[in-house]
Amino acid sequence: MEIVHVSAECYPVAKVGGLGDVVGALPKYQQLLGHTAKVVLPMYRTAYLYKHDWDVVHKGRTHLGNWWFDYTVIKEHTSELGFDLYLIDIYGLLDREGVYGYGDDAERFTAFQVSFVDWLSRWSHQPDVVHVHDHQAGLIPFIMQYSYDYGHLKRVPTILTIHNAQYQGWMPWEKATYLPRYDTWKAGLLDWKGMINPLACAVRCAWKVTTVSPSYMTELMYNANGLEALFEYEKGKCSGILNGIDSQVWDPATDAYLTTHFDASSVHEGKAAHKRALCKRFHLDPSKPLFIFIGRFVGEKAADLLPAVIGDCFHYIGRTMNFLILGSGDPNVERNLAHVQEMVGKDFKLYRGYNEQLSHEMYAGADFLLMPSRVEPCGLNQMYALRYGTIPIVRSTGGLRDTVVDFEDWQGFGVRFNDASVGDITQAIYRALGLYQDQERFGAIQERIMHIDHSWESSAQQYLSTYPVP
Ligand code: ADP
Ligand code: GLC
């Protein structure tokens, strides 16, 4: 089977969050299962681009309304990622260092999608499935089915994977002129409440829809940032497939970012060495349990609650634990965390920014990982934490609910709580401290969680069985 993935992120080419990890791994495992998987990405100006050799595979010309532009498709020469990687270059739009967050993102990603379909329409054969990820590729199923210029792509099956329904790519209707000439009787498919909504459009037009955990699929019917009714209506073609983790990248026994390696049989010494190094670097006391948070400071991750949680823990429980936070995002959250850091003096450190190396060191050296997410479609951090012997503390939502069992429940190993509130998170930390004090039980859980299998093999297989056939 030949599968073409279209996405805005793919690790290690361009990663902002878990979408990058998934698109960097799933195609590789599909290849290992004997299929041909290709990934198509915008050609941002990231470090990966300059460190590799590329072949030009296509030069084309297309347009957003009256604005005609040239695009170039290049392919990584050696397919070193385990699949063929293609980048689409559009001068003036995609040639930037960052992935998202520009004022013209609507133009950037629409031009990317229009160019992709234009290039696909010139292939000498048709792939078995076009697999689009999130709203940045969400207009593709519509364009393939209803654009007069690309009528011959109508019968190519499409599948949408939703990694996060909070972001939908809304555009005002004036921008409808960007789309290649389409059957205007179908304009309603683009619309959701008076705006062009690429995610809603993809849910309607893709042959199948998946999201990244079974629980999140259910949640979308009552919490989908305005699209609840659509998910209820389309549920027949929707399913949830839990993400995996790439064990070639995320394995403490071989991790290229770590200097000291360990497995389940050496977890205690291995983690202790990493914890000592982390605590030395951040001036924390290694005799105290270390709680970490790694992530984007956005509403879904509930990082805004952390300043109050840290304050309450130190006030009500005492100075019996350390916190180390890695992340960036909402300036208010950054400011509040920096302020708390100043106030408390020690036992809490904030590393503001994105640092892949440090994230691996933190999963390796921490005792507990905090994920109080308000919304978490799947979540990869908790799966990485498990693999590195770090006990996850999670809110019962989405993929967190599907991957973490409370340690007080049958065969449990993590800490779960219900509300994204300061009180519930503080109470969960209190329960975690109780577990930490019972070092024998704590150590046994650390060893056990390292064996939990969240590898991609079975999820990659599930995608293959879910792909639509004409
Ligand atoms: P999301 O995609 O919603 O951000 P996930 O849990 O699926 O959440 O994936 C987050 C990914 O991004 C993980 O690989 C995590 O380690 C990484 N990550 C998030 N923030 C940072 C950061 N500041 N530095 C390094 N890695 C980060
Ligand atoms: C999104 C979600 C996250 C998920 C990731 C990969 O960014 O927020 O929960 O793990 O995509 O699917």
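Note that this is a predicted model, so its numbers are computed, not measured. Below, each value reflects all heavy atoms present in this structure, side chains not excepted, and no hydrogens, waters or symmetry copies. In listed order, ligands and their atoms are each counted from 1.
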Of all the non-hydrogen atoms in the protein, which one sits nearest to atom 1 (C) of ligand 2, and at what distance? His163 O, 3.1 Å
Give the atom numbers and elements of ligand 2 that come within less than 4.0 Å of a heavy atom of Gly379. 3 (C), 4 (C), 9 (O), 10 (O)
Would you tell me whether Glu76 and Thr78 have side-chain atoms, one donor and one acceptor, within less than 3.5 Å of each other? yes
Say whether Gly399 and ligand 2 are in contact under the criterion: heavy-atom distance to a ligand atom below 4.0 Å. no
Residues Arg395 and Glu376 bridged, charged N to O under 4.0 Å: no
Give the numbers and elements of all ligand 1 atoms closer than 4.0 Å to a heavy atom of Gly353. 22 (C), 23 (N)
Are the side chains of Lys346 and Leu284 in contact, using a 4.5 Å heavy-atom criterion? no
With a cut-off of 4.0 Å, which atoms of ligand 2 are near a heavy atom of Asn164? 8 (O)
Carefully, step by step, assess Glu447 and His268 under the rule side-chain hydrogen bond (donor to acceptor under 3.5 Å, both in side chains). CA-CA 8 Å; Glu447 282 171 41; His268 306 301; 2.9 Å; yes
Under 4.0 Å from ligand 2, counting heavy atoms only, is it the side chain of Val375, its backbone, both or neither? neither
Both conditions, 6.0 Å and 45 degrees, for the charged tip of Arg387 above the ring of Tyr363: are they met here? no
Using a 4.0 Å cut-off to any heavy atom of Val212, which atoms of ligand 2 qualify? 12 (O)
Is there a nitrogen or oxygen of Gly379 sitting under 3.5 Å from a nitrogen or oxygen of ligand 1? no
N/O separation below 3.5 Å, Gly17 to ligand 1: no
Would you say Cys378 and ligand 2 have an N/O pair spaced under 3.5 Å apart? yes
Could you tell me whether the side chain of Tyr11 reaches within less than 4.5 Å of the side chain of Glu356, counting heavy atoms only? yes
Test of proximity, Gly18 against ligand 2: N or O pairs below 3.5 Å: no
Return a yes/no value for Lys301: is any of its N or O atoms, backbone included, closer than 3.5 angstrom to an N or O of ligand 1? yes
Is it true that His274 and Tyr388 share a donor-acceptor pair across their side chains at a distance under 3.5 Å? no
What part of Lys15, side chain, backbone, both or neither, has a heavy atom within less than 4.0 angstrom of ligand 1? side chain
What are the atoms of ligand 1, with element, lying closer than 4.0 Å to any heavy atom of Gly327? 23 (N)
Can you find a side-chain donor-acceptor pair between Ser247 and Ser455 that sits under 3.5 Å? no
Which atoms from ligand 2 have a heavy atom of Val22 less than 4.0 Å away? 6 (C), 12 (O)
Before signing off on this row, confirm whether Tyr384 and ligand 1 have an N or O atom pair separated by under 3.5 Å. no
Considering only heavy atoms of Asp21, which atoms of ligand 1 have at least one such atom less than 4.0 Å away? 11 (C), 13 (C), 14 (O)
Which atoms of ligand 1 sit under 4.0 Å from any heavy atom of Gly295? 19 (C), 20 (N)
Enumerated ligand 2 atoms positioned under 4.0 Å from heavy atoms of Pro377: 2 (C), 8 (O), 9 (O)
Quick check: Glu356 and ligand 1, any N/O pair under 3.5 Å apart? no
Between Tyr363 and ligand 1, does any nitrogen or oxygen pair lie at a separation below 3.5 Å? yes
